Undergrad: 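The following block contains the structure, expressed as structure tokens.
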2 protein chains.
Amino acid sequence: MNSFTEENYLKAIYKLSLKEGQGVSTNAIADILKTKPSSVTDMIKKLADKKMVSYQKYQGVNLTKKGRDVAVSIIRNHRLWEVFLVEKLNFKWDEVHDLAEELEHINTHKLTERLDEFLGFPKFDPHGDPIPDKDGNIVQHKDITLSDLSTGEKAVIVGVKEHSKSYLNYLEQLQLVLGAEVEVKDIVEFDATMSVLVNKKQTIISNQASKNLIVKKI
Amino acid sequence: MNSFTEENYLKAIYKLSLKEGQGVSTNAIADILKTKPSSVTDMIKKLADKKMVSYQKYQGVNLTKKGRDVAVSIIRNHRLWEVFLVEKLNFKWDEVHDLAEELEHINTHKLTERLDEFLGFPKFDPHGDPIPDKDGNIVQHKDITLSDLSTGEKAVIVGVKEHSKSYLNYLEQLQLVLGAEVEVKDIVEFDATMSVLVNKKQTIISNQASKNLIVKKI
DNA sequence: AATAAAATTTAGATTAGTCTAAAAATATAA
DNA sequence: TTATATTTTTAGACTAATCTAAATTTTATT
């Protein structure tokens with residue numbers, strides 16, 4: 001069995017390897033997990049002993065199949081619990097992350113599968129992130145963001161790239177939630193600030209905000 | 001915040017003080033938690049520092065109000081999750097204990113209250129144990145067991161005093177589940193083995209089994 | 001290519017929870 | 001009521017995960 005801590009490291013390495021590609025760096029892991037690089041080195045050695053990662057000193061770390069399987073299954077749990085919290089317990093999308101961080105570690109096959117069934121086999125979590133299926137297959141978003149659109153284009157919001165409470169909360173106030181339709185009315189050339197139409201209301205959003213909103217053109 | 005371990009100690013002390021009364025013994029705690037008496041002594045000191053228990057060397061330990069509140073809230077979580085697992089995820093009553101042992105430690109007020117509401121404010125868990133309300137009030141069973149009945153008496157099953165998988169499984173096979181009606185047909189004088197009628201079928205059960213079945217006379 | 005900067009690893013210490021073995025206190029029994 | 005058994009505590013050690021500070025390696029810059 002793996003400890004919560006080991007699982008959190010595997011999850012962090014998985015997420016970083018999607019961005020960074022091969023050879024995830026010690027510092028990047030320390031950053032995500034809010035720990036120190038020296039602690040990361042220690043844990044990496046332990047995970048390497050367990051054949052969860054492959055590792056050569058100073059060269060970064062990569063997940064083995066075994067490690068990736070654990071990471072994906074934790075992510076599957078996390079996202080299923082988020083769906084549960086939002087759809088069944090009426091939490092808002094900015095409230096569920098921390099709770100799901102705890103629930104995800106109850107990594108029992110039967111519980112996960114029953115929960116999946118209870119929820120009707122959802123494909124996406126409340127932030128639009130894809131839920132891996134029970135064999136660990138996961139469809140990645142093609143990352144078209146609101147900031148990629150040109151004036152006049154329309155799109156539906158399908159996800160977010162930033163999960164902070166403050167960002168999610170801000171989006172909700174602007175009614176920029178999953179499924180909402182947006183139309184780009186104007187783009188400021190200088191800093192890419194956008195005017196968009198959402199539910200017949202015109203709103204101004206910064207590039208910082210628009211580049212973290214994943215959309216699908218319509 | 002309390003660690004999982006601290007919470008498990010508090011829960012164990014709470015449960016023992018219902019049985020043993022004042023001054024729960026070090027050995028009894030070690031027994032329940034499958035640890036050693038020396039470890040228990042260490043933890044008791046820690047909990048005493050935190051004002052969770054009152055403790056005098058060699059005289060056993062008692063929960064303070066603070067400690068009892070934590071214990072009861074963990075038990076509340078545990079039993080609510082058991083209801084969820086059985087009623088929503090279709091687990092059987094002999095499968096839910098271990099999962100609930102993990103879920104109970106996600107001790108967040110809002111989650112507990114939302115779960116309670118989602119489940120329709122249940123009063124008992126799938127084993128008939130009472131669920132403490134959100135203020136920590138808990139109704140204790142008056143322990144009339146099947147073994148207390150005389151020939152000819154009828155009763156409804158309302159709970160169990162023993163929660164092992166094998167016992168619960170055995171009961172289920174005999175259809176001795178919560179809500180079932182039983183009628184005592186015969187009692188062997190020698191060892192108190194009982195013949196009982198359940199769902200029109202006659203069954204023989206040992207005293208060991210009947211004294212762990214909590215019933216309500218009808 | 002030499003040097004400065006950044007990243008990473010090592011060494012040694014710390015904390016929580018556990019253990020064994022021995023000592024001390026309490027309970028039981030002749 | 002003294003001896004014996006049982007229970008409980010202490011002392012000292014161990015493991016997992018972390019940290020700081022120093023050493024080492026890699027990368028970037030002149």
Side-chain angles (χ1 to χ4, degrees), chain A residues 1-13 15-17 19-63 67 70-71 74 101-102 104-105 107, chain B residues 1-13 16-17 19-63 67 70-71 74 101-102 104-107:
Chain A
M1 262 312 289
N2 311 298
S3 68
F4 283 21
T5 313
E6 288 168 335
E7 290 179 351
N8 285 333
Y9 272 89
L10 292 173
K11 199 172 45 141
I13 297 166
K15 288 186 175 173
L16 284 167
S17 62
K19 282 189 210 163
E20 295 198 356
Q22 285 294 94
V24 174
S25 80
T26 304
N27 270 5
I29 299 169
D31 238 51
I32 284 198
L33 297 178
K34 292 180 164 81
T35 181
K36 302 293 168 188
S38 56
S39 309
V40 174
T41 303
D42 285 347
M43 181 54 85
I44 286 172
K45 285 178 180 170
K46 190 179 169 192
L47 292 171
D49 285 347
K50 290 184 143 194
K51 311 282 184 210
M52 292 289 182
V53 300
S54 59
Y55 166 64
Q56 274 180 282
K57 271 194 200 176
Y58 297 100
Q59 304 308 304
V61 68
N62 292 294
L63 292 176
V70 173
I74 302 297
E101 284 288 293
E102 301 196 57
E104 69 185 11
H105 296 290
N107 199 12
Chain B
M1 263 312 291
N2 311 299
S3 68
F4 283 20
T5 311
E6 288 169 335
E7 290 180 351
N8 285 334
Y9 272 90
L10 292 172
K11 198 172 46 143
I13 297 166
L16 285 167
S17 62
K19 283 187 208 162
E20 295 197 356
Q22 286 292 95
V24 174
S25 79
T26 305
N27 271 3
I29 298 169
D31 238 50
I32 283 197
L33 297 179
K34 293 184 165 81
T35 181
K36 303 294 168 188
S38 56
S39 308
V40 174
T41 304
D42 286 348
M43 181 55 85
I44 286 173
K45 285 177 180 170
K46 189 178 170 192
L47 292 172
D49 285 348
K50 290 183 142 194
K51 311 282 185 210
M52 292 289 182
V53 300
S54 59
Y55 165 65
Q56 275 179 281
K57 271 195 200 178
Y58 296 101
Q59 303 307 303
V61 69
N62 292 293
L63 292 176
V70 174
I74 301 298
E101 284 288 294
E102 302 196 57
E104 68 186 11
H105 297 292
I106 301 173
N107 199 13

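Letters A, B, ... mirror the listed sequences (proteins, then strands); counts begin at 1. Side chains included, hydrogens not; waters and symmetry mates left out as well; all remaining heavy atoms used. Here the structure is a predicted model, which is why all the values come from computation and not from measurement.
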Undergrad: For Asn27(B) and for Pro37(A), find the nucleotide of DNA chain D with the closest heavy atom, then tell me which residue's nucleotide is more 5'.
TA: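 The answer here is Asn27(B).
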Undergrad: Rounded to whole angstroms, how far apart are CD1 on Ile29(A) and C1' on dT8(C)?
TA: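 The answer, rounded to whole Å, is 12 Å.
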Undergrad: Please report the closest heavy-atom contact between Ile13(B) and Val53(B), naming both atoms and the distance.
TA: CD1-CG1, 4.1 Å
Undergrad: What string of B, S and - do you get for nucleotides 21-26 of chain D, 5' to 3', when a contact is any protein heavy atom under 4.0 Å?
TA: B--BSS
Undergrad: Looking only at side-chain N and O atoms, does Lys45(A) come under 4.0 Å of OP1 or OP2 in dT10(C)?
TA: yes
Undergrad: Going by the side-chain contact (heavy atoms from CB on, under 4.5 Å) test, name the single residue among Leu63(B), Asn2(B), Ile44(B), Val61(B) that passes it with Met52(B).
TA: Asn2(B)
Undergrad: Contact class for Thr41(A) (heavy atom, under 4.0 Å): base, sugar-phosphate, or nothing?
TA: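 Base, at least one base atom sits under 4.0 Å.
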Undergrad: In whole Å, what is the span from the NZ atom of Lys34(B) to the C1' atom of dT18(C)?
TA: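 After rounding, the gap between these two atoms is 17 Å.
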Undergrad: Quick check for you: among dT18(D), dC19(C), dT8(D), whose closest atom lies nearest to any side-chain atom of Met43(A)?
TA: dT18(D)
Undergrad: Without decimals, in angstroms, what is the distance between Asn8(B) CG and dT18(C) P?
TA: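 It works out to 9 Å between those atoms.
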Undergrad: For Tyr9(B), report the nucleic acid contact type (base, sugar-phosphate, nothing); a contact means any heavy atom under 4.0 Å.
TA: sugar-phosphate
Undergrad: With a cut-off of less than 4.0 Å, is there a side-chain N or O of Ser3(B) near OP1 or OP2 of dA16(C)?
TA: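 So the side-chain polar atoms of Ser3(B) never come under 4.0 Å of the phosphate oxygens OP1 or OP2 of dA16(C).
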Undergrad: May I ask you to test the Ile32(B)-Leu16(B) pair for a side-chain heavy-atom distance under 4.5 Å?
TA: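 In contact.
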Undergrad: Hey, can you pull the residues of residues 48-56 of chain B with a non-hydrogen atom under 4.0 angstrom from DNA chain C?
TA: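 By residue number: none to list.
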Undergrad: Please give, in whole Å, the distance from dC19(D) P to Asp42(A) CG?
TA: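 These atoms are roughly 10 Å apart.
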Undergrad: So do Glu104(A) and Glu7(A) actually touch side chain to side chain, heavy atoms under 4.5 Å?
TA: no
Undergrad: Whole Å only: how far is the CG atom of Leu47(B) from the P atom of dT9(D)?
TA: 13 Å
Undergrad: In this structure, are over 12 heavy atoms from other groups packed under 6.0 Å from Lys50(B) atom NZ?
TA: yes
Undergrad: Are Lys19(A) and Val24(A) close enough that some pair of their side-chain heavy atoms sits under 4.5 Å apart?
TA: no
Undergrad: Can you classify the ring geometry of Phe4(A) versus Phe4(B) as parallel (below 30°), tilted (30 to 60°) or perpendicular (above 60°)?
TA: perpendicular
Undergrad: Nearest-Å distance, NZ (Lys36(B)) to C1' (dT10(D))?
TA: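 After rounding, the reported distance stands at 17 Å.
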Undergrad: Would you check if Leu33(B) and Val40(B) make a side-chain contact, meaning some heavy-atom pair closer than 4.5 Å?
TA: no
Undergrad: Looking for any heavy atom pair under 4.0 Å, which part of the strands does Thr26(B) touch: base, sugar-phosphate only, or nothing?
TA: sugar-phosphate
Undergrad: Give the intermediate values and the outcome of side-chain contact (heavy atoms from CB on, under 4.5 Å) for residues His105(A) and Asn8(A).
TA: CA-CA 9 Å; His105(A) 296 290; Asn8(A) 285 333; 3.0 Å; yes
Undergrad: Starting at atom CZ of Phe4(A), determine the distance to atom C1' of dA16(C), rounded to an integer number of angstrom.
TA: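 Going from Phe4(A) (CZ) to dA16(C) (C1'), I get 16 Å.
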